[in-house]
Protein chains: 2
Amino acid sequence: MAQIDNDKMVMFEERCRKAGLKVTHQRKAIYQTLIESKLHPSADQVYRQIKRSISTISLDTVNRTLQKFNELGLAFTVEGSGEARRYDGNMHDHQHFKCIKCRRIIDFHHGEFDDIDIPPAIAKIYKILRKTVYFEGICDKCK
Amino acid sequence: MAQIDNDKMVMFEERCRKAGLKVTHQRKAIYQTLIESKLHPSADQVYRQIKRSISTISLDTVNRTLQKFNELGLAFTVEGSGEARRYDGNMHDHQHFKCIKCRRIIDFHHGEFDDIDIPPAIAKIYKILRKTVYFEGICDKCK
DNA sequence: CTCTGTGCAAACACTTTGCAGCTAA
DNA sequence: TTAGCTGCAAAGTGTTTGCACAGAG
């Protein structure tokens, strides 16, 4: 383990204990691997990486652990929901709010979000095709 | 078909012809169903709905068609990528750019996006837990 | 008539679940 | 010691693919 990550690992262990989670060597390895990666890895990618040092680890453990981290706020999901793709046929400017409990996706419209500026540093490097402002939380019915 | 949607259907047929796509009754039904729904349906939900009137339609057709619409800009994906979930362990404020070609997700940070305001009308109804600004496009390597 | 689109079935990829044995606290 | 965790295997869910037939242009 790189020295530079010591602080983060200590913090991680504290967070686990506070949440009543046991600090297993698998969990440490998964957390370590995740924060060292800049590639926004999938569970499978994390699994392959760890398998080099802990050959007995299973993909399920990685899956379950990453989802646990997500719940605890130690990590989060940036892509894919594990659920089916969902489509929107409304091509007018609008934004989405998703309830993490009932999974409803609700449209709303706030004019200021329609034309958020692309930072010049980004526009210079990438060709932006779509800009999204997206909120997640608990809806009125689930509160 | 509701009268109110006639304009959209005509536009839809034109868009298809321009793109060299045949205007089949399945495609019309799928488009119709999608724009009538406010629920951001999955392919399966669209399929079940259409099956009532076109009992021979297959889920594959719905899947393929919705993805085609997505390519053409007649609809878009609001949730789920069809790919595996991907995680991020970086809990500092930052935003993501995703290349739709190579699927890379790249972090960037633009301070103004850290504190975008939640519209009061939204904050009143929902409990917001996460705010995201997200760009999609073509990265430097794929251009 | 031709060539794209469709329906079907099988393959595939990812995630979830149940359970017995293991291990951190 | 014991409650929670892990590894395994099987099942579940969603998506993709190859192919023969159907139907739009």
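Atoms considered below: every heavy atom in the structure, side chains included; atoms not considered: hydrogens, waters and symmetry mates. All figures in this text were calculated on a predicted structure; none of them were measured in a lab.
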Engineer: Using a heavy-atom distance cut-off of less than 4.0 Å, which residues of residues 58-74 of chain B contact DNA chain D?
Structural biologist: B:Asp60, B:Asn63, B:Arg64, B:Gln67
Engineer: Mind calculating the distance between OH (A:Tyr47) and C1' (C:dA13) to the nearest angstrom?
Structural biologist: 15 Å
Engineer: Which atom names give the shortest non-hydrogen contact between A:Leu72 and A:Arg15, and what distance separates them?
Structural biologist: O-NH2, 2.6 Å
Engineer: Which heavy atom in A:Asp117 sits nearest to a heavy atom in B:Phe135, and how many Å separate them?
Structural biologist: O-CZ, 4.4 Å
Engineer: Separation of A:Lys28 atom NZ from D:dC5 atom C1', in whole Å?
Structural biologist: 15 Å
Engineer: To the nearest angstrom, how far is B:Arg86 atom CZ from C:dT15 atom C1'?
Structural biologist: 17 Å
Engineer: Let me see the working for B:Lys8 and B:Met11 under side chain to side chain contact (heavy atoms under 4.5 Å, CB included), right down to the final yes or no.
Structural biologist: CA-CA 5 Å; B:Lys8 281 187 178 177; B:Met11 186 209 75; 5.6 Å; no
Engineer: Please tell me which of the listed nucleotides, C:dA25, D:dT6, D:dT15, lies nearest to the side chain of A:Lys22?
Structural biologist: C:dA25
Engineer: For B:Ala84 and for B:Ile54, locate the closest nucleotide of DNA chain C by heavy-atom distance; then report the residue assigned to the nucleotide nearer the 5' terminus.
Structural biologist: B:Ile54
Engineer: To the nearest Å, give me how far apart NE2 (B:His25) and C1' (D:dG25) are.
Structural biologist: 15 Å
Engineer: At 10 degrees resolution, what angle do the end axes of the helix from C:dC1-D:dG25 to C:dA25-D:dT1 form when each is taken over five base pairs?
Structural biologist: 50°
Engineer: For B:Ile57 and C:dG7, give me the distance from atom CD1 to atom P, rounded to whole Å.
Structural biologist: 5 Å
Engineer: Taking a hydrophobic cluster as the set of Ile, Leu, Val, Met, Phe, Trp and Tyr residues connected by side-chain heavy atoms closer than 4.5 Å, whether directly or through intermediates, do A:Ile128 and A:Phe113 fall within one such cluster?
Structural biologist: yes
Engineer: Between B:Glu13 and B:Arg17, does at least one N-O distance fall below 4.0 Å, as a salt bridge requires?
Structural biologist: yes
Engineer: Would one find a side-chain N or O of B:Arg85 under 4.0 angstrom from OP1 or OP2 of C:dA13?
Structural biologist: no
Engineer: A:Gln26 side chain N/O closer than 4.0 Å to the phosphate oxygens (OP1, OP2) of D:dG7?
Structural biologist: yes
Engineer: What pair of heavy atoms forms the shortest contact from B:Ser81 to A:Arg85, and how long is it?
Structural biologist: O-NH1, 2.7 Å
Engineer: Identify, between B:Thr24 and A:Gly20, the residue whose nearest nucleotide on DNA chain D lies closer to the 5' end.
Structural biologist: A:Gly20
Engineer: Whole angstroms only, please: what is the CG-P distance between A:Asp44 and C:dC12?
Structural biologist: 16 Å
Engineer: Rounded to the nearest Å, what distance is computed from the CZ atom of residue B:Arg17 to the C1' atom of nucleotide C:dT4?
Structural biologist: 15 Å
Engineer: Under a 4.5 Å side-chain heavy-atom rule over Ile, Leu, Val, Met, Phe, Trp and Tyr, are B:Ile35 and A:Tyr87 clustered together?
Structural biologist: yes
Engineer: Any side-chain N or O of B:Arg27 below 4.0 angstrom from OP1/OP2 of C:dT6?
Structural biologist: yes
Engineer: Kindly state whether the ring of B:His40 and the ring of A:His96 have centres lying under 6.0 angstrom apart.
Structural biologist: yes
Engineer: So, for B:Thr77 and A:Arg130, which heavy atoms are closest and what is the spacing to 0.1 Å?
Structural biologist: O-NH2, 3.3 Å
Engineer: Remember a base hit wins even if backbone is also touched, and classify B:Thr56 as base, sugar-phosphate or nothing at under 4.0 Å, heavy atoms.
Structural biologist: sugar-phosphate
